[in-house]
Amino acid sequence: MGIAVVVGGGCSGVLATRELLRTGWHVVLVDPGARPGRGLAYSTAAPWHLLNSPAAAMSADPDRPDDFLRWCRQRDPRTGPADFVPRSWYGDYLTEVLRAADETAQGRLTVQRGRVARIFEPSGHGGPLTVLLADDVVIPADRVVLALGHPAPSTPARLDAAAARSGAYVADPWRPGALDDLPEGPILLIGTGLTAVDVALTLANAGRRDLTAVSRHGLLPQPHRRSPATGSGTVAVQGTAQVPAAQAVPAALPELLAAGSLAVVLRTLRRLAADTGDWRAVFDALRPHWDALWQGLPEPDQRRFLRHLARYWEVHRHRMAPAVADSIGALRERGSLRVRAAELCGIEAADEGVRVVLREWHGGAITAPTFAAVVNCTGPGRIVESDPLVRALVAEGMARPGPYRLGLDTDPHGALLRRDGSAHPALWTLGPTRRGVLWETTAAPEIRTQARALAVALGDAGHDRAPIAECVES
């Protein structure tokens with residue numbers, strides 16, 4: 001095998017590194033953080049930030065689905081498979097996964113702290129690559145895996161420059177310390193998804209009692225079920241046992257996969273939800289098939305989904321842990337958190353804070369309230385626009401934007417597609433970077449599957465390569 005450079009030390013980077021080490025690669029893991037394995041999602045997590053998936057779903061090891069659950073039970077023996085544990089636990093777990101992989105690899109892992117500035121092809125089209133870090137460290141590589149995770153939130157289109165420069169506007173709530181010193185007074189959260197939920201809990205725990213969250217639809221994520229359904233998804237409604245989701249979904253799967261139409265898919269999903277009485281079980285049973293369903297839709301239907309249905313899908317698919325939903329419900333009942341459906345028309349600097357122009361979604365009334373601070377909680381932006389390394393790769397033709405510019409274009413195995421549409425033999429990616437080509441590609445179960453498949457594909461391509469002699473040179 002040769003040397004594989006993994007760019008990014010979050011969940012995607014750790015899972016990719018683990019699988020590459022298993023298949024014999026020498027791996028250089030490049031991460032700007034001091035503790036690889038954490039990433040943004042886990043490094044800034046507070047105790048009240050819970051995972052959005054139950055413990056039983058979060059194993060890093062495809063061969064041991066209960067690995068994370070067993071790890072949790074070492075910390076708290078009472079942990080059940082359906083429990084939602086603190087997100088910081090998962091960061092600790094990933095750190096231990098990386099440490100265990102390092103011990104097994106016997107010297108084949110190098111962790112390099114830094115940020116990748118450029119990736120070059122010194123020998124021309126398709127040869128080994130050179131990875132240049134921002135501090136001028138040079139790393140030669142036979143393969144490079146982009147494990148970049150989620151990009152930062154996009155900047156609102158109508159953000160006044162003076163407001164952006166003020167301390168009253170927070171561009172990225174996950175930046176360490178971003179929420180620590182906000183001015184006193186009402187705070188506006190732009191967005192009503194899981195990021196806004198986490199930020200609302202953080203601010204409420206800091207004593208803030210005047211929070212408003214706004215989005216076009218004003219929809220909060222749905223809560224997970226408080227406990228697993230009995231009998232493989234059988235749900236009793238008004239005393240009548242309905243069809244188990246574990247039976248209904250496989251029976252309908254051929255119809256769904258052959259639909260080729262968004263209207264047929266939606267009609268079938270509604271029927272399944274009615275037949276089973278449990279839309280959550282339907283969503284969860286279909287999770288391994290979402291990508292096939294997405295790729296089976298014609299482009300006009302994919303665009304229609306993104307324009308009209310994506311937000312409704314997200315609040316049902318990416319749900320709140322029950323305890324988090326209870327906390328958010330309590331904040332709303334007390335009046336500490338209000339949720340508004342409105343279009344954001346402008347953010348301007350004001351004498352005391354920030355003025356926000358809103359057009360109400362129902363009725364069209366325009367208001368311009370002033371807030372002491374505004375926090376961008378819109379969630380991940382588009383990596384093609386926000387990440388300097390990705391922009392450079394696209395500009396040089398080594399990569400190209402994927403469908404709808406949601407991520408990068410790849411072949412079915414995760415190899416980046418060049419500007420001319422050919423698969424780059426040495427440049428690969430996994431996780432959120434593949435969004436657009438794939439739809440379900442941002443959570444640990446999908447990323448661990450991609451990491452295994454990527455390592456197998458690179459193993460098939462790398463058997464004849466000898467390791468580069470010097471792994472890192474300054």
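We count residues from 1, following the sequence as given.
- Distance alone, capped at 3.5 Å, is enough to place a donor-acceptor pair between the Thr441 side chain and the Gly431 backbone.
- Side chain of Trp294 to main chain of Gly436: a donor-acceptor pair is present (N/O by atom type, distance under 3.5 Å, no hydrogens or angles).
- Nearest heavy-atom pair, Leu408 versus Ala399, reported as atom, atom and distance to 0.1 Å: CD2-CB, 4.4 Å.
- Checked against Leu211 for a side-chain contact (heavy atoms from CB on, under 4.5 Å), the options Ile187, Val339, Val199 give a single hit: Ile187.
- The six-membered or imidazole ring of Trp313 lies near that of His318, with a centre-to-centre distance under 6.0 Å.
- When atom types are taken as modelled, the side chain of Asn205 and the backbone of Leu201 share a donor-acceptor pair closer than 3.5 angstrom.
- The distance from the OG atom of Ser327 to the CG atom of Leu50 is 8.0 Å, given to the nearest 0.5 Å.
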- Full working for side chain to side chain contact (heavy atoms under 4.5 Å, CB included) between Arg143 and Val5: CA-CA 6 Å; Arg143 301 287 187 272; Val5 174; over 6 Å; no

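- Note that the OG1 atom of Thr212 and the CG atom of Leu188 stand 6.5 Å from one another [nearest 0.5 Å].
- Taking 4.0 Å as the cut-off between side-chain N and carboxylate O, Asp61 and Arg70 do not count as a salt-bridged pair.
- Proximity of Leu293 to Asp291: side-chain heavy atoms (C-beta onward) are nowhere separated by under 4.5 Å.
- Looking only at atom types and distance, the side chain of Trp361 has no donor-acceptor partner in the side chain of Ser215 under 3.5 Å away.
- The aromatic rings of His49 and Trp174 sit perpendicular to each other, their planes meeting at more than 60°, with 30° as the lower class boundary.
- The shortest side-chain heavy-atom distance between Leu262 and Leu309 falls under the 4.5 Å cut-off.
- Salt-bridge check for Glu440 with Arg317: passed, with a basic side-chain N closer than 4.0 Å to an acidic carboxylate O.
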- Message: Determine whether Gln112 and Leu29 satisfy the following criterion, side chain to side chain contact (heavy atoms under 4.5 Å, CB included), listing intermediate values before the conclusion.
- Response: CA-CA 6 Å; Gln112 177 72 39; Leu29 175 62; over 6 Å; no

- Message: Show, in sequence, the C-alpha distance, side-chain angles and deciding distance for Leu20 and His26, and conclude whether the side chain to side chain contact (heavy atoms under 4.5 Å, CB included) test is met.
- Response: CA-CA 8 Å; Leu20 289 168; His26 292 252; over 6 Å; no

- Message: Please determine whether side-chain hydrogen bond (donor to acceptor under 3.5 Å, both in side chains) holds for the pair Trp428 and Thr410, giving the CA-CA distance in whole Å, both sets of side-chain angles, and the decisive distance to 0.1 Å.
- Response: CA-CA 8 Å; Trp428 299 66; Thr410 71; over 6 Å; no

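- With hydrogens and angles ignored, the 3.5 Å screen pairs no side-chain donor or acceptor of Asp76 with any backbone N or O of Arg73.
- Taking CZ from Arg18 and CG from Leu98, the interatomic distance works out to 11.0 Å, rounded to the nearest 0.5 Å.
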- Task: Just do the salt bridge (charged side-chain N to carboxylate O under 4.0 Å, His left out) check on Arg225 and Asp278 with the steps written out, would you?
- Result: CA-CA 10 Å; Arg225 290 182 64 87; Asp278 186 0; 3.7 Å; yes

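- The line from CD1 of Ile447 to CG of Leu454 is 12.0 Å long, rounded to the nearest 0.5 Å.
- To the nearest 0.5 Å, atom CD1 of residue Ile119 and atom CG of residue Leu393 are 5.0 Å apart.
- For the side-chain contact (heavy atoms from CB on, under 4.5 Å) with Val282, the lone residue among Asp275, Thr268, Thr276 that qualifies is Thr276.
- For the pair Leu51/Met58, a side-chain contact is recorded, criterion being any heavy-atom separation below 4.5 Å from C-beta on.
- In this structure, Val354 and Val356 have side chains that are in contact, with non-hydrogen atoms separated by less than 4.5 Å.
- A cation-pi arrangement is present between Arg435 and Trp439 under the rule of less than 6.0 angstrom and at most 45 degrees off the ring axis.
- Classification of the His224-Phe84 ring pair by plane angle, with boundaries at 30° and 60°, yields tilted.
- Considering all non-hydrogen atoms of both residues, Gly2 and Asp142 come closest at CA-OD2, 3.1 Å.
- Between Trp71 and Trp89, the ring planes lie perpendicular to each other; the angle is over 60°, past the 30° to 60° tilted range.
- Contact record, Gly80 with Ala55: O-CB, 4.1 Å, taken as the closest heavy-atom pair.
- Closest of all the heavy-atom pairs between Gln295 and Val437 is NE2-O, 3.0 Å.
- Using a cutoff of 4.0 Å between basic side-chain nitrogens and carboxylate oxygens, Arg434 and Asp409 are not scored as salt-bridged.
- The backbone N or O of Arg332 lies less than 3.5 Å from no partner atom in the side chain of Ser336, so there is not a single donor-acceptor pair.
- Atom NE2 in His316 sits 4.5 Å away from atom CD in Gln222 (nearest 0.5 Å).
- Residues Arg319 and Pro221 form no side-chain contact, since every pair of their non-hydrogen atoms from C-beta on lies 4.5 Å or further apart.
- Of the possible polar contacts, one joining the Thr23 side chain to the Glu19 backbone as a donor-acceptor pair under 3.5 Å is found.
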- Message: What verdict does the side chain to side chain contact (heavy atoms under 4.5 Å, CB included) test give for Ile190 and Ile347, after you've listed the backbone C-alpha separation in whole Å, the side-chain angles of each residue and the deciding distance to 0.1 Å?
- Response: CA-CA 11 Å; Ile190 306 173; Ile347 304 176; 3.7 Å; yes

- Message: Assess the residue pair Arg115 and Asp135 against the criterion (salt bridge (charged side-chain N to carboxylate O under 4.0 Å, His left out)); give the C-alpha distance rounded to whole Å, side-chain angles, the decisive distance to 0.1 Å, and a yes or no.
- Response: CA-CA 8 Å; Arg115 191 176 299 277; Asp135 57 1; over 6 Å; no

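- Considering every non-hydrogen atom in both Cys377 and Leu189, the closest pair reads SG-CB, 4.0 Å.
- By the 30° and 60° cut-offs, the orientation of the rings of Phe283 relative to Trp290 is tilted.
- In this structure, the side chains of Leu146 and Leu389 come closer than 4.5 Å at one or more pairs of heavy atoms.
- There is no side-chain donor-acceptor pair under 3.5 Å between Ser154 and Glu385.
- Using a distance-only test at 3.5 Å, with no hydrogens or angles considered, a donor-acceptor pair links the side chain of Asn376 to the main chain of Thr378.
- Judged purely by atom type and a 3.5 angstrom limit, Thr433 has no side-chain atom pairing as donor or acceptor with the backbone of Thr429.
- Scanning both residues, Cys11 and Ala444, for their nearest heavy atoms gives SG-CB, 4.4 Å.
- A salt bridge does not link Asp102 to Arg108: none of the charged nitrogens lies less than 4.0 Å from a carboxylate oxygen.
- A salt bridge is absent between Asp83 and Arg78: the closest approach of a Lys/Arg side-chain nitrogen to an acidic carboxylate oxygen does not fall below 4.0 angstrom.
- The shortest distance between side-chain heavy atoms of Arg448 and Ser59 falls below 4.5 Å.
- In this structure, Val85 and Thr79 have side chains that are in contact, with non-hydrogen atoms separated by less than 4.5 Å.
- In this structure, the side chain of Asp66 does not engage the main chain of Leu69 through any donor-acceptor pair within 3.5 Å.
- Between Arg87 and Asp198 there is a salt bridge, since a side-chain N of the basic residue sits under 4.0 Å from a carboxylate O of the acidic one.
- Remark: the backbone N or O of Gly402 is not paired with any side-chain donor or acceptor of Arg405 at under 3.5 angstrom.
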